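Along the sequence shown, residues carry numbers from 1. In this text the structure is predicted, and so the values were computed from the model without any measurement.
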Amino acid sequence: MNPEESKEAAKNGLGTWLSANGINISKNFSCLNPAHEDHNPSMSFDKRRNKCHCFSCGADYDIFDIAQIKTGLSGKDLFNYVYQELGISVDFNQTQSAEINIDKKEKDIFHVDNLESFFKKCHDAVEKTDYWKKRGLSRKTVDLFNLGYWEEKNRFVIPTGEASYNARAIGDVDKKFRYLKPKGVYQLFNLQEVNKAQEPVFIVEGEFDALSVLEAGGIACALGSSGSMKFLEYIKYNHPKYPLILALDNDEAGKEGSRKLGLELEKLGIDFAEINISGECKDVNELLVKDRISLEENIRGAKDNILAIIEQQKNQELEEYKATSAAFGLKDFISDIEKRFNHDCISTGFSNADLLLDGGFYPGLYVIGAISSLGKTTLALQIADNAAKSGKDVLVFSLEMGKQELIAKSLSRLSYLRTVKWNLDLAYATTTRNLLNGNAIRTKEQAEYMNEALKEYAAYADHIYYHIGIGDIGVEKIKEVIAKHIRVTGNRPLVVIDYLQILAPFDIRATDKQNTDKAVVELKRASRDFDIPVFAISSFNRENYTSPVNIASFKESGAIEYTSDVLMALQFKGMDFQKNSDGRYEDEKSRTARILALRAEQEKIAENPGKMQNLQLKVLKNRNGRKGSVFLDFCPMFNFFEEPKEKNNEWVKK
């Protein structure tokens, strides 16, 4: 068979070859890509294409790719190995032709009638161009690596192996047609020197960079535009004798490529150092052209000091890693604790709730939930007012209520408290609705009374900042406002969000759950980054209207449960499961009937001025403290919470 026929026969024999090497091709097997640690077999044999494909890392290999990984061979040696393994005879004296698509725009097909002759023809024509001189190369280097000029296509040819080359366009061409490489197995320039060289080898991006290193007294291998995988496949089985020097292009892409390559080399246990030998230039070849002496000095210095540089880098990496240890941060921890003592905690204004929360709100994410109309927003606003009275700044992000309604709720509470304080008739107290429609100041006496409440509110109102949403407030907007507040005022605020599920979505194509999960995670991050407490309100699932509150009560509870520092919930007192006189828990029918009666009784209370609903505030999760519950009395008509006067709060230990 001629070379082309032999090559096709070899590719068709991949299945037989795999089976002979102990691989069961009837099912998935471990990926043959040495850079992929395949713990869950994800490669399969594609009989139709005669290739192996990994659905995890994307590796796609024919028999020559796999043989090269296994043996490290290239060129004729690689082909001969595969042919010998499969018992294929080949007559290399027959014409070897390779069809190459030069330029799809020109639809120009060029035939190479023998690569060896092609390389010789190009090398003989090298003096017809001065391109290699402009790239800083000497005739000695041109001859040593058989570089040449492809006169018909005005391209400079760099052989990278016996059957592989890179033909670089000299004139102006479309960027995607600048480099021309043959179809089939492409070899990396000077790859074989990586494990043969008796000195450190420089790993660079382009062939001209590698030639520049060689020109300046070093040894180099070029990765090409996407040769990192081939390089790693080779050195896994052909470890270098000396440390490698990563000297990729001096731009962001080069730095990122060097970082990724370094991570893979670490996995393989190969010593290396990242050294900039290009100076201020973009790449090695640019420095060769501008300042050959500097490049020679940089290469000599990198080779001479490679071991010291690796040691220095390892020591630096060790120090950076030690910075993550508990011991390293101990001094900062003690200093931070001293700074925080009686400073960062914000009281809720309710003594028993503060006791349960170890003093109140600390930097972190607090989430409270309850069924509709049970006072979530009212409690959050009262806590906000209490914090403002103590001199703490509060940012309130309201996504449902307007600024006037929020202020009216606070004034309604203050009007009620004044009647209690001065033992006045409840007729002086006003509801939120009466304030908003003007009925609260119909008489001069009412107006004077409300003016006193307004003065009381004004005394701390400069610590409360309302941000009203109209569908445009999301977490990123909230973070911008927090940052601006801290920058402008110098104060770290308590942040109140009403409520989670109606924040502007991160992605309108995502589900409500995905957007809420993302919002919760980002709010937690904001509490950490800004070192502030964030107090967010969450809605509940409807089944909790007749069930005790629990973590599953929260809508989209996955992220809320796992991300929040403190998770709280409000419910009517008496909602928890109860035992009968015989010590057994009540049955479902009896409990449902009791809960419905309890709800009806408590909801009727809300219709009576000054009457209090009996609620229970439960701490379901407390990352750094205890769980439990306290009771609160709630006056819905006047937006007011207080601790029961009999102080009979129950502590529920869990």
Quiz item: Are any of the side-chain nitrogens in Lys282 or Asp249 under 4.0 Å away from the carboxylate oxygens of its partner?
Solution: yes

Quiz item: Would you say the side-chain atoms of Asp498 and Thr377 include a donor-acceptor pair closer than 3.5 Å?
Solution: yes

Quiz item: Can you tell if the side chain of Leu503 reaches within under 4.5 Å of the side chain of Phe397, non-hydrogen atoms only?
Solution: no

Self-check item: Over 12 foreign heavy atoms within 6.0 Å of CZ, Arg433
Solution: no

Quiz item: Should Gln571 and Asp576 be marked as a side-chain hydrogen bond (donor to acceptor under 3.5 Å, both in side chains) after you check the CA-CA gap, both sets of side-chain angles, and the distance that decides it?
Solution: CA-CA 9 Å; Gln571 67 177 14; Asp576 286 340; 3.0 Å; yes

Practice problem: Could you walk me through whether His53 and Asp60 pass the side-chain hydrogen bond (donor to acceptor under 3.5 Å, both in side chains) test, one step at a time? | Solution: CA-CA 4 Å; His53 182 78; Asp60 200 62; 2.9 Å; yes

Quiz item: For the residue pair His467 and Tyr465, is the inter-centroid distance of their aromatic rings smaller than 6.0 Å?
Solution: no

Quiz item: Does the side chain of Asn614 pick up a donor-acceptor pair with the side chain of Lys573 at under 3.5 Å?
Solution: no

Quiz prompt | Gln404 and Leu436, any side-chain heavy atoms less than 4.5 Å apart | solution = yes

Exercise. Examine the side chains of Gln613 and Gln602 and answer whether a donor and an acceptor come within less than 3.5 Å of each other.
Key: no

Quiz item: Looking at Asp385 and Arg413, does any basic side-chain N land under 4.0 Å from a carboxylate oxygen?
Solution: yes

Practice problem: May I ask you to say whether Arg259 pairs ionically with Glu256, meaning some side-chain N is under 4.0 Å from a carboxylate O? | Solution: yes

Quiz item: Between Arg492 and Asp393, is any pair of side-chain heavy atoms under 4.5 Å apart?
Solution: no

Exercise. For the pair Asp65 and Lys51, find out whether any cationic side-chain nitrogen is under 4.0 Å from an anionic carboxylate oxygen.
Key: no

Exercise. Could you check Val520, Leu620, Leu500, Ile368 and say which one makes a side-chain contact (heavy atoms from CB on, under 4.5 Å) with Phe554?
Key: Leu620

Practice problem: Can you establish whether the number of heavy atoms outside Ile441 located under 6.0 Å from its atom CD1 is more than 12? | Solution: no

Quiz item: Just by distance, with hydrogens left out, do Asp283 and Ser278 show a side-chain donor and acceptor under 3.5 Å apart?
Solution: no

Exercise. For residues Cys635 and Lys611, determine if any side-chain heavy atom of one lies less than 4.5 Å from a side-chain heavy atom of the other.
Key: no

Quiz item: CD1 of Ile508: more than 12 outside heavy atoms within 6.0 angstrom?
Solution: no

Practice problem: Apply salt bridge (Lys or Arg N to Asp or Glu O under 4.0 Å) to Asp62 and Arg49, showing your working. | Solution: CA-CA 9 Å; Asp62 65 15; Arg49 298 188 306 128; over 6 Å; no

Practice problem: Inspect the surroundings of NZ in Lys236 and state if more than 12 heavy atoms from other residues, nucleotides or ligands are less than 6.0 Å away. | Solution: yes

Quiz item: Do other residues, nucleotides or ligands put more than 12 heavy atoms under 6.0 Å from the CZ atom of Arg509?
Solution: no

Quiz item: Are the aromatic rings of Tyr416 and Phe640 close, with centres under 6.0 Å apart?
Solution: yes

Quiz item: Side chain of Arg591, backbone of Phe577: donor and acceptor closer than 3.5 Å?
Solution: no

Quiz item: When you check the gap from the basic side-chain N to the acidic O, do Glu476 and Lys479 get nearer than 4.0 Å?
Solution: yes

Quiz item: Checking Lys518 against Phe506: charged group under 6.0 Å from the ring centre and within 45 degrees of the axis?
Solution: yes

Quiz prompt | Criterion side-chain hydrogen bond (donor to acceptor under 3.5 Å, both in side chains) on Thr516 and Gln501, from CA distance to verdict | solution = CA-CA 6 Å; Thr516 299; Gln501 282 76 15; 5.0 Å; no

Self-check item: Beyond-backbone contact of Val394 with Pro493, side-chain heavy atoms, under 4.5 angstrom
Solution: no

Quiz item: Between Thr432 and Glu405, do the side chains contain an N or O donor and an N or O acceptor separated by less than 3.5 Å?
Solution: no

Self-check item: Residue pair Lys409 / Thr378, side-chain donor-acceptor N/O under 3.5 Å
Solution: yes

Exercise. Give a yes-or-no answer on whether the side chains of Gln316 and Tyr321 include a donor-acceptor pair shorter than 3.5 Å.
Key: no

